[in-house]
Novice: 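Please see the structure below; I have some questions.
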2 protein chains.
Amino acid sequence: MIHDNKPQEKISVLLVDDHPMVQGGLSACLAYYDDIEVIGVAHDGKDALNKAKELKPNVILMDVSMPLMNGIDATEIITEQLPDTKVLIFTMHNSSEFVHSAIQAGASGYVLKDTSSEEVYFAIKAVTKGNTHFSSSIAKMLQESPLKIENDKLTTREQVILSFVAQGFSSKDIAKKLDISFRTVEAHRRNIKAKLNIESLADLVRFAINHGLINKEGE
Amino acid sequence: MIHDNKPQEKISVLLVDDHPMVQGGLSACLAYYDDIEVIGVAHDGKDALNKAKELKPNVILMDVSMPLMNGIDATEIITEQLPDTKVLIFTMHNSSEFVHSAIQAGASGYVLKDTSSEEVYFAIKAVTKGNTHFSSSIAKMLQESPLKIENDKLTTREQVILSFVAQGFSSKDIAKKLDISFRTVEAHRRNIKAKLNIESLADLVRFAINHGLINKEGE
DNA sequence: TCTTTACTAGGTATTACTACCTAACTATTT
DNA sequence: AAATAGTTAGGTAGTAATACCTAGTAAAGA
């Protein structure tokens with residue numbers, strides 16, 4: 001076992017978040033650590049892409065919900081074009097679909113916004129070394145349902161139906177919109193509920209909101 | 001016009017937020033300003049009450065959704081017991097009901113979490129002088145519907161019913177829970193929909209989420 | 001080729017919700 | 001004392017959603 005004790009270079013970090021408050025707070029928190037340097041900030045996915053190519057940071061702290069391009073899509077492009085740059089998702093969304101999408105996109109870790117700055121620091125250190133880091137609740141989620149979610153995922157058609165349902169349209173309305181029989185719509189509703197193990201319409205609406213099919217205002 | 005140019009005492013601030021990240025970021029941002037000093041932090045409403053009495057800060061930056069006691073209730077008690085302490089609500093919720101509740105509870109201002117640290121600074125300065133400060137979108141909301149919301153507000157009973165409805169319970173279930181006839185529950189549902197001008201159950205669920213009656217996970 | 005999956009659609013019956021209506025009791029306000 | 005608002009509850013009828021069932025077609029994969 002050889003220890004590498006030479007004075008380490010600072011870990012360069014790019015912050016990507018559209019909320020100035022979060023950005024400011026985060027860079028202030030990270031300024032406390034000598035071995036980390038925030039070398040840039042970006043306000044959306046497109047911006048992140050440009051800054052990442054220009055600055056080639058070691059780690060990108062990436063928010064998910066942003067204007068122009070979301071963090072997952074940006075992560076996918078960045079991890080493909082810049083394999084040496086690690087992406088650490090930093091968000092308040094803790095739904096399993098987001099987590100799975102992030103992993104699929106090549107993220108090295110997933111940290112929730114309500115964790116301590118110490119954990120963010122350790123997560124940055126971990127992914128820099130090529131390891132992964134997931135917040136405890138996320139790790140637990142991955143343990144509990146590593147493949148179940150994948151298998152039970154909704155088809156594209158079902159997602160369309162569900163988004164209409166969650167927007168308040170009746171089966172008849174949806175049938176007209178999609179030009180199919182309302183019996184078909186009802187069949188899809190049954191399948192969706194069975195797949196998600198959900199019984200009430202209210203739970204469907206919350207599922208749709210929590211998984212990004214609609215936003216809180218109703219798409 | 002007399003200018004008061006003596007070296008001002010620092011404005012003492014108490015931060016109340018259950019997210020360590022927000023707390024850390026905020027105190028780091030405010031540390032930049034010489035005339036502001038964060039003299040304490042609290043993690044929930046109860047904690048805020050104790051710290052406020054002990055530290056008697058000039059300004060309290062108060063989050064709304066917290067464990068044990070929410071920010072609105074804490075604000076009501078604090079503004080009553082400590083009239084010299086100004087409360088500035090600091091939250092991501094921008095629903096008109098929250099804003100009205102906050103004003104009712106005696107808050108001097110309402111700042112959204114996605115604003116810049118400069119605005120938070122100016123808001124703190126403003127409320128210290130006895131003025132008020134509302135984020136631009138909040139101010140616009142207050143202009144547009146100063147009284148409409150008050151008139152259309154749901155009664156406590158209706159809010160209880162709505163929260164159950166949004167959690168996915170049927171009228172029968174709710175009737176059993178509250179030990180009333182399910183016809184009464186249905187009557188309440190009719191009144192709620194009429195008041196809110198809402199037709200679908202899905203819209204009711206989203207309203208409940210957006211107005212804090214339930215959270216996205218379903219209370 | 002056979003199987004599976006997704007999407008489609010219908011039959012029948014039950015349950016849940018909604019739209020109208022009326023109306024009693026209580027507490028508060030004018 | 002009268003009016004108002006909130007909570008309670010029922011009648012009747014219609015619409016929407018759900019729970020069972022079967023079943024065809026098209027596309028992808030073994």
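Chain naming here is simple, since letters A, B, ... match the order of the sequence lines and numbering starts at 1 in each.
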Novice: When you check the gap from the basic side-chain N to the acidic O, do B:Arg206 and B:Asp203 get nearer than 4.0 Å?
Specialist: yes

Novice: Reading nucleotides 25-30 of chain D 5' to 3', which nucleotides get B (base under 4.0 Å from a protein heavy atom), which S (sugar-phosphate only), which -?
Specialist: ------

Novice: What is the separation between atom CZ on B:Phe169 and atom C1' on C:dC17, rounded to the nearest whole Å?
Specialist: 17 Å

Novice: Can you see which heavy atom on B:Asn70 is nearest to which on B:Asp73, and at what distance?
Specialist: OD1-N, 2.8 Å

Novice: NA contact type, A:Thr184, heavy-atom cut-off 4.0 Å: base, sugar-phosphate, or nothing?
Specialist: base

Novice: Whole Å only: how far is the NE2 atom of A:His188 from the P atom of C:dG10?
Specialist: 13 Å

Novice: Tell me: CG of B:Leu178 to P of D:dT8, nearest whole Å?
Specialist: 8 Å

Novice: Is B:Lys172 close enough to C:dA16 that one of its side-chain N or O atoms is under 4.0 Å from OP1 or OP2 there?
Specialist: yes

Novice: In terms of side-chain heavy atoms, does A:Asn58 have a donor or acceptor partner in A:Thr128 at a distance below 3.5 Å?
Specialist: no

Novice: Rounding to an integer number of Å, can you tell me how far B:Arg189 CZ sits from C:dA16 P?
Specialist: 11 Å

Novice: Find out whether B:Leu162 and B:Phe207 are in side-chain contact, i.e. whether some heavy atom of one side chain is under 4.5 Å from a heavy atom of the other.
Specialist: yes

Novice: B:Asp179 has an atom CG; how far is it from atom C1' of D:dT7, in whole Å?
Specialist: 14 Å

Novice: May I ask you to decide whether A:Lys51 forms a salt bridge with A:Asp47, counting only side-chain N to carboxylate O separations under 4.0 Å?
Specialist: yes

Novice: Walk along nucleotides 19-30 of chain C from 5' to 3' and tag each nucleotide B, S or - by protein heavy-atom contact under 4.0 Å, base first, then sugar-phosphate.
Specialist: BBB---------

Novice: Whole angstroms only, please: what is the CZ-C1' distance between B:Phe182 and D:dT8?
Specialist: 14 Å

Novice: Could you tell me which residues satisfy ring-ring contact (aromatic ring centres under 6.0 Å, His included) with A:Phe134, sequence neighbours excluded, listed by chain and number?
Specialist: none

Novice: Please tell me if B:Thr156 has a side-chain N or O lying less than 4.0 Å from either OP1 or OP2 of D:dG6.
Specialist: no

Novice: On DNA chain C, does the nearest nucleotide to B:Leu204 precede the nearest nucleotide to A:Ile180 from the 5' side, or the other way round? Give the residue.
Specialist: A:Ile180

Novice: When rounded to the nearest 0.5 angstrom, what distance separates CD1 in B:Ile161 from OG in B:Ser171?
Specialist: 8.5 Å

Novice: From the list D:dA17, C:dG10, C:dT8, which nucleotide is the closest neighbour of the side chain of A:Ser181?
Specialist: C:dG10

Novice: CD1 of B:Ile174 versus P of C:dT18: gap in Å, rounded?
Specialist: 10 Å

Novice: Counting only side-chain heavy atoms from C-beta out, which of C:dC17, C:dT8, D:dT8 sits nearest to B:Arg157?
Specialist: D:dT8

Novice: Determine the minimum heavy-atom distance between A:Leu88 and A:Ala123, stating which atoms define it.
Specialist: CD2-CB, 3.7 Å

Novice: Rounded to whole angstroms, how far apart are CG on B:Asn191 and C1' on D:dA9?
Specialist: 13 Å

Novice: OP1 or OP2 of D:dT7 less than 4.0 angstrom from a side-chain nitrogen or oxygen of B:Thr155, does that happen here?
Specialist: yes

Novice: Is there a side-chain contact between A:Ile11 and A:Lys125 (heavy atoms, below 4.5 Å)?
Specialist: yes

Novice: Begin from the C-alpha positions of B:Glu158 and B:Arg189 and carry the test salt bridge (Lys or Arg N to Asp or Glu O under 4.0 Å) through to its verdict.
Specialist: CA-CA 8 Å; B:Glu158 286 165 347; B:Arg189 291 177 78 134; over 6 Å; no

